[in-house]
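Everything below concerns the one structure shown next.
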There are 2 protein chains.
Amino acid sequence: MYAAKIDTANAVPFPAALFPVRAASFGDDDLPMDLGQVMHFARGAEIFGQGEKADCLYKVVSGWVRTYRILRDGRRQVEGFHLAGEYFGIEAGGSHRASAEALGPAAVQVVRRTALNDLAARRGDVAATLFRLAIQGLERAHEHVAMLSHKTACERVAGFLLDMAERADVRTGLELPMSRQDMADYLSLTIETVSRTLSQLQAEGLIEIPKSRNIILRNREALEEMCE
Amino acid sequence: MYAAKIDTANAVPFPAALFPVRAASFGDDDLPMDLGQVMHFARGAEIFGQGEKADCLYKVVSGWVRTYRILRDGRRQVEGFHLAGEYFGIEAGGSHRASAEALGPAAVQVVRRTALNDLAARRGDVAATLFRLAIQGLERAHEHVAMLSHKTACERVAGFLLDMAERADVRTGLELPMSRQDMADYLSLTIETVSRTLSQLQAEGLIEIPKSRNIILRNREALEEMCE
DNA sequence: CGAGATTTTGAAACCATTCAAGCGAGGTGG
DNA sequence: CCACCTCGCTTGAATGGTTTCAAAATCTCG
């Protein structure tokens, strides 16, 4: 059975170098995170773990973060990848239902829930934004369900590449920090199928894979059409 | 291609017989819905439709409700079934991303979002409850993802039956108001596979199906074990 | 009872998985 | 510097579970 193996040797977040951040302004879907502090994580470092107390809200400043759960049968379900500007770690109860790890060196802004709750109680706009963030997560989860429900391996992989390209804001040249196993656990495929599918897309000329984690989108329209 | 065909003839909600409801109290995950009104829907009636303005929040008083989306490829994805006491129709933007229909005669409490937002702005506990409801939906969606990710048809159907039994609060005798197509669209299987799987479970003595929508759980432990 | 819809069953086809082996880059030690 | 090892990725062949297409059986309701 698969188990994620991460070297935890260099997985220690910078402890002392925390510095408050001044948010000049914050839009509709942004919180006044000047409450929070930025923490730095090394590649593979755990930001929080499944079952831990959930007393913070997180926002990616730079780098990539993956959130995942270990299911009862031992499988790993990657719930999502988070890029700069995106929030994660929003939970209902007192404990995290998922774990979060830095895919590469990452900076993450961390806000205490208590501080946020206090602020939300005083400011309706903050409460409304919190609510909106939760709902956005809900929508992403529903998209995930739709993706898993009846898509072929090809459609899943193509959709994944387009989604990543859009969120990373690149036109063609994708630098993906996650492994094939990460993709497989997100798309609910096996790593062999992911690899095979990528090879097939390359053979069809839709993409090019100079290095395994560097994927160039050669024909976006065909990829988009593939996802319908 | 499948298309849901519902007779919309008798699908008109009672128009005038709206009456305010007095909520004696409301717990942690309940809203003071005395703001709302109870509306009655006939079998198959649409409570709201995909794309419509989302200016209300809904709570099932009696009966069953299904929420679903029509995907780009024309398939129908049932997002969930909602029983008495459960909320649905929580959306982020201005429009519903899903449709909701009554599976049978159903009573639904309806609250205007504007009223709720006003209340939430004044009362922190209401805002917090709204937030919690959103997160609960998020968790359910994540469970849905986990279910779809690597479960066999057998595990899905068994898990579905147990979930329904638990939520309907029955020990053995399940009265399911939804069709095989509804189950299939929720579990992401075909109706043939759902039917075959139920027959198989019956052959193994785990369940009994006196009538197609009446399922008796004969061996809960074996069913639970099946889902791990 | 009869007509239409829903559900069940059967057989063949398909797609992803599984098991197994080969490839290639990065790192260590001789 | 090269041999060697490891780890992640790729490729191949066989298996198996779900889907698809087809048809029979059952239920519901006028």
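In the text below, chain A, chain B and the rest are named by the order of the sequence lines, each starting its count at 1.
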Select base, sugar-phosphate, or nothing to describe what B:Arg156 touches, counting heavy atoms under 4.0 Å on all strands. nothing
Using whole Å, what does the distance between atom C1' of nucleotide D:dT18 and atom CG of A:Leu148 come to? 16 Å
With sequence neighbours left out, what residues match A:His96 under ring pair (Phe, Tyr, Trp, His ring centres under 6.0 Å)? A:Phe48
Holding to salt bridge (Lys or Arg N to Asp or Glu O under 4.0 Å), I want the full list of residues that pass it with A:Glu52, two or more places apart in sequence or in another chain. none
CA sep, side-chain torsions, deciding dist, call: B:Arg156, B:Leu148, side chain to side chain contact (heavy atoms under 4.5 Å, CB included): CA-CA 8 Å; B:Arg156 293 184 198 192; B:Leu148 296 180; 3.9 Å; yes
Salt-bridge criterion met for A:Glu79 and A:Arg66 (N-O under 4.0 Å): no
Whole Å only: how far is the CG atom of B:Leu176 from the P atom of D:dC27? 17 Å
Quickly work out the A:Ile215 CD1 to D:dG8 P distance and round it to whole Å. 17 Å
What pairs of residues pass the side-chain hydrogen bond (donor to acceptor under 3.5 Å, both in side chains) test when at least one of them lies in residues 139-148 of chain A, not counting sequence neighbours? A:His142-B:Arg97, A:Glu143-B:Arg69
Protein-proximity profile, nucleotides 8-19 of chain C, B/S/- by nucleotide at the 4.0 Å heavy-atom cutoff, equals BBBB----SBBB
Starting at atom CG of B:Leu187, determine the distance to atom P of D:dT18, rounded to an integer number of angstrom. 12 Å
Spacing between A:Lys211 atom NZ and C:dA25 atom C1', to the nearest angstrom: 10 Å
Verdict with reasoning, B:Arg76 to B:Asp185, per salt bridge (charged side-chain N to carboxylate O under 4.0 Å, His left out): CA-CA 6 Å; B:Arg76 186 182 71 161; B:Asp185 289 347; 2.7 Å; yes
For a side chain to side chain contact (heavy atoms under 4.5 Å, CB included) check, start with the C-alpha distance between B:Cys154 and B:Met226, then their side-chain angles and the critical distance, and finish with the verdict. CA-CA 8 Å; B:Cys154 216; B:Met226 188 161 273; 3.7 Å; yes
Helical bend (five base pairs per end, nearest 10°) for the helix from C:dC1-D:dG30 to C:dG30-D:dC1: 30°
Identify every side-chain donor-acceptor pair in residues 186-195 of chain B under 3.5 Å, counting partners at least two apart or on other chains, and give the distances.
from, atom 1, to, atom 2, distance (Å)
B:Thr190, OG1, B:Thr193, N, 3.3
B:Thr190, OG1, B:Thr193, OG1, 2.9

Whole-Å distance between C:dT6 C1' and B:Asp182 CG? 12 Å
